[in-house]
Amino acid sequence: MQRDLQPVTVNSIAYPVNETFESLQGEGSFTGTPAVFIRLQGCDVGCPWCDTKHTWRRDIDAMVSMEVINAKTGEAVETWTWFDLQSVARIVGSTRARHVVITGGEPCQFDLRPLIALLEAQGCRVQVETSGTYAPQVSPTTFLTVSPKWHMPGGRAVLDAALSRADEFKVPVGRQADIDRARDRLAPFDGVALWLQPLSQSPTATALCIEAAQRYGWRVSLQTHKFISIR
Ligand code: SF4
C-alpha cells in the first residue's frame with residue numbers, strides 16, 4: 001500500500017530515510033572520496049534496472065523506529081522512518097566523513113535546503129544524486145549529480161531546471177541508443193563533466209562507454225564500490 005509521497009512536517013522538518021552508512025563514493029567525480037550516505041525513501045521514476053527498488057514505496061506498514069534504521073547493515077529492505085534535521089546532522093557528525101551524499105530513491109522530491117544548510121554549517125560538502133525529474137531545491141554550493149532518466153515507466157520528464165543546475169552528468173548506458181540520446185539532449189550543457197556508467201558492469205555496455213568516451217571526450221564511471229565489495 002503506497003501512501004503520500006510528499007515530505008511532511010512533524011513538529012520540525014523531517015525526511016524519510018531508508019538507511020545511512022559510511023563508505024567511499026564509488027561513482028563520478030568524487031570516486032574514492034570517504035563519504036556518509038543518506039538514502040531517502042520514495043521514488044516514482046520506475047527505472048526497470050534500478051538497484052534500489054526497495055526505496056520506491058513508502059508504505060506505512062514498513063515504517064519502523066529510528067533505531068531499526070540505524071542498525072541496518074546493508075540489507076535492501078523497504079523499512080524507513082522520518083528523521084528530523086538534528087538526527088541526520090548527529091549521524092553525519094558521528095562519522096569521519098566530511099562529504100555527504102544525499103541519494104535515494106529520488107531525493108529531489110523534497111526541499112533539501114534546510115538539511116543541506118545544517119550540514120554545510122557543520123563543515124560538510126554535500127552532493128545530491130538525482131534523476132533530474134524534479135526541480136532541485138538545494139543550496140548554491142551543493143554538488144548536483146544528475147543522472148537523467150528519460151522515458152521511464154513512471155512517465156516523469158527530465159527537467160531543464162535540473163539539467164541546467166548539474167555539476168556533473170552520470171548517464172546509465174545499456175545500449176548505443178543511450179549514448180546517442182545523451183549526445184543529443186546534453187549537447188547544450190557542454191562543459192559539464194559527463195560520465196557514462198555501464199549498467200550492471202556488462203562487458204558490452206562497458207565497451208560502448210569506452211568507445212564513446214574516446215570519441216566525445218567524456219568519462220567512464222565504473223561503480224568502483226562494487227569491485228571492492230563495499231556499499
Ligand atoms: S531514479 Fe534512481 S531510485 Fe528511482 S527508479 Fe531510477 S534508478 Fe531507481
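Quick note: numbers below take in every heavy atom, side chains included, and nothing from hydrogens, waters or symmetry partners.
Ser147 places a side-chain N or O within 3.5 Å of a backbone atom of Lys170 that can act as its donor or acceptor partner. At distances below 3.5 Å, not a single donor-acceptor pair connects side-chain atoms of Tyr216 with backbone N or O atoms of Glu211. Looking only at distances, a side-chain donor or acceptor of Lys72 sits under 3.5 Å from a matching main-chain atom of Thr79. Remark: the backbone N or O of Asp61 is not paired with any side-chain donor or acceptor of Asp59 at under 3.5 angstrom.
Residues Asp167 and Val192 have side chains not in contact (no heavy-atom distance under 4.5 Å, counting atoms from C-beta outward). Residues Ser139 and Glu120 form a side-chain contact, since some pair of their non-hydrogen atoms from C-beta on lies under 4.5 Å apart. Contact check for Leu194 versus Leu186: side-chain heavy atoms found under the 4.5 Å cut-off. Residues Trp195 and Glu168 are in side-chain contact: their nearest non-hydrogen atoms beyond the backbone lie under 4.5 Å apart. The shortest distance between side-chain heavy atoms of Val68 and Ser65 falls below 4.5 Å. Side chains of Ile38 and Glu19 form no contact here, defined as non-hydrogen atoms less than 4.5 Å apart. Pro114 is listed as a side-chain neighbour of Tyr15, based on a closest heavy-atom distance under 4.5 Å. Taking 4.5 Å as the limit, some side-chain heavy atom of Ser87 sits within range of a side-chain heavy atom of Met66.
Neither Val126 nor Tyr134 shares a network with the other; the hydrophobic side chains, linked directly or stepwise wherever heavy atoms of I, L, V, M, F, W or Y lie under 4.5 Å apart, form separate groups for each. If you chain together hydrophobic residues whose side chains sit under 4.5 Å apart, Phe189 and Val171 fall into the same group. Both Val138 and Val17 are assigned to one and the same hydrophobic cluster, defined by single-linkage of ILVMFWY side chains at heavy-atom distances under 4.5 Å. Linking ILVMFWY residues whenever their side-chain heavy atoms come closer than 4.5 Å, directly or via other members, places Leu112 and Leu118 in the same cluster. Placement of Phe110 and Leu144 within a single hydrophobic cluster is found when ILVMFWY residues are connected by side-chain heavy-atom separations under 4.5 Å, directly or transitively.
Of the inter-residue distances, the one linking Thr20 atom OG1 with Ile102 atom CD1 reads 12.0 Å to the nearest 0.5 angstrom.
In summary, Asp178 and Arg181 engage in a salt bridge, as defined by a charged side-chain N under 4.0 Å from a carboxylate O.
Minimum heavy-atom separation, Pro198 to Leu222: CG-CD2, 3.9 Å. Minimum interatomic distance between Leu163 and Val146 (heavy atoms only, all atoms of both residues): CD2-CG1, 4.0 Å. Contact between Ala205 and Val173 at its shortest, heavy atoms only, is CB-O, 3.3 Å. Nearest heavy atoms, Lys149 versus Trp49: CE-CH2, 3.2 Å. Shown here for Asp51 and His54, the closest heavy-atom pair between the two residues is O-CE1, 4.2 Å. Taking both residues in full, the closest heavy atoms of Thr142 and Arg165 are given as O-NH2, 2.7 Å, listed atom of the first, atom of the second, then distance.
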TODO: Kindly indicate, with the supporting measurements, whether the criterion side-chain contact (heavy atoms from CB on, under 4.5 Å) is fulfilled by Ile179 and Leu208.
DONE: CA-CA 8 Å; Ile179 292 170; Leu208 288 172; 3.8 Å; yes
- [ ] Carefully, step by step, assess Thr31 and Gln25 under the rule side-chain hydrogen bond (donor to acceptor under 3.5 Å, both in side chains).
- [x] CA-CA 5 Å; Thr31 297; Gln25 171 58 282; over 6 Å; no
Open item on the list: The test is side-chain contact (heavy atoms from CB on, under 4.5 Å); show your working for Thr145 and Glu27 and say whether it passes.
Closed with: CA-CA 10 Å; Thr145 299; Glu27 307 174 0; over 6 Å; no
Task: Worked verdict on Thr133 versus Ser131 for side-chain hydrogen bond (donor to acceptor under 3.5 Å, both in side chains) - done: CA-CA 5 Å; Thr133 60; Ser131 63; 2.8 Å; yes
- [ ] Might you work through the side-chain hydrogen bond (donor to acceptor under 3.5 Å, both in side chains) test for His99 and Gln127, ending with a clear yes or no?
- [x] CA-CA 7 Å; His99 184 77; Gln127 177 181 9; 2.8 Å; yes
- [ ] Tell me, with the steps shown, if Val92 and Gln122 meet side-chain contact (heavy atoms from CB on, under 4.5 Å).
- [x] CA-CA 9 Å; Val92 169; Gln122 227 168 272; 4.0 Å; yes
Open item on the list: Please evaluate residues Val45 and Trp56 with respect to the criterion side-chain contact (heavy atoms from CB on, under 4.5 Å), reporting the C-alpha separation (whole Å), side-chain torsions for both, the decisive distance (0.1 Å), and the verdict.
Closed with: CA-CA 9 Å; Val45 178; Trp56 286 10; over 6 Å; no
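One side chain, Glu106 or Thr130, offers a donor N or O that lies under 3.5 Å from an acceptor on the other.
Relative ring orientation between Phe143 and Phe30 is described as perpendicular, the plane-to-plane angle rising above 60° on a 0-90° scale split at 30° and 60°.
Within the 6.0 Å centre-distance limit, the rings of Phe37 and Phe21 are counted as a close aromatic pair.
The side chain to side chain contact (heavy atoms under 4.5 Å, CB included) test with Val128 is passed by exactly one of Leu115, Ile116, Thr103: Ile116. For the pairing with Pro16, the side chain to side chain contact (heavy atoms under 4.5 Å, CB included) check across Gln109, Met63, Arg39, Arg58 returns one residue only, Arg58.
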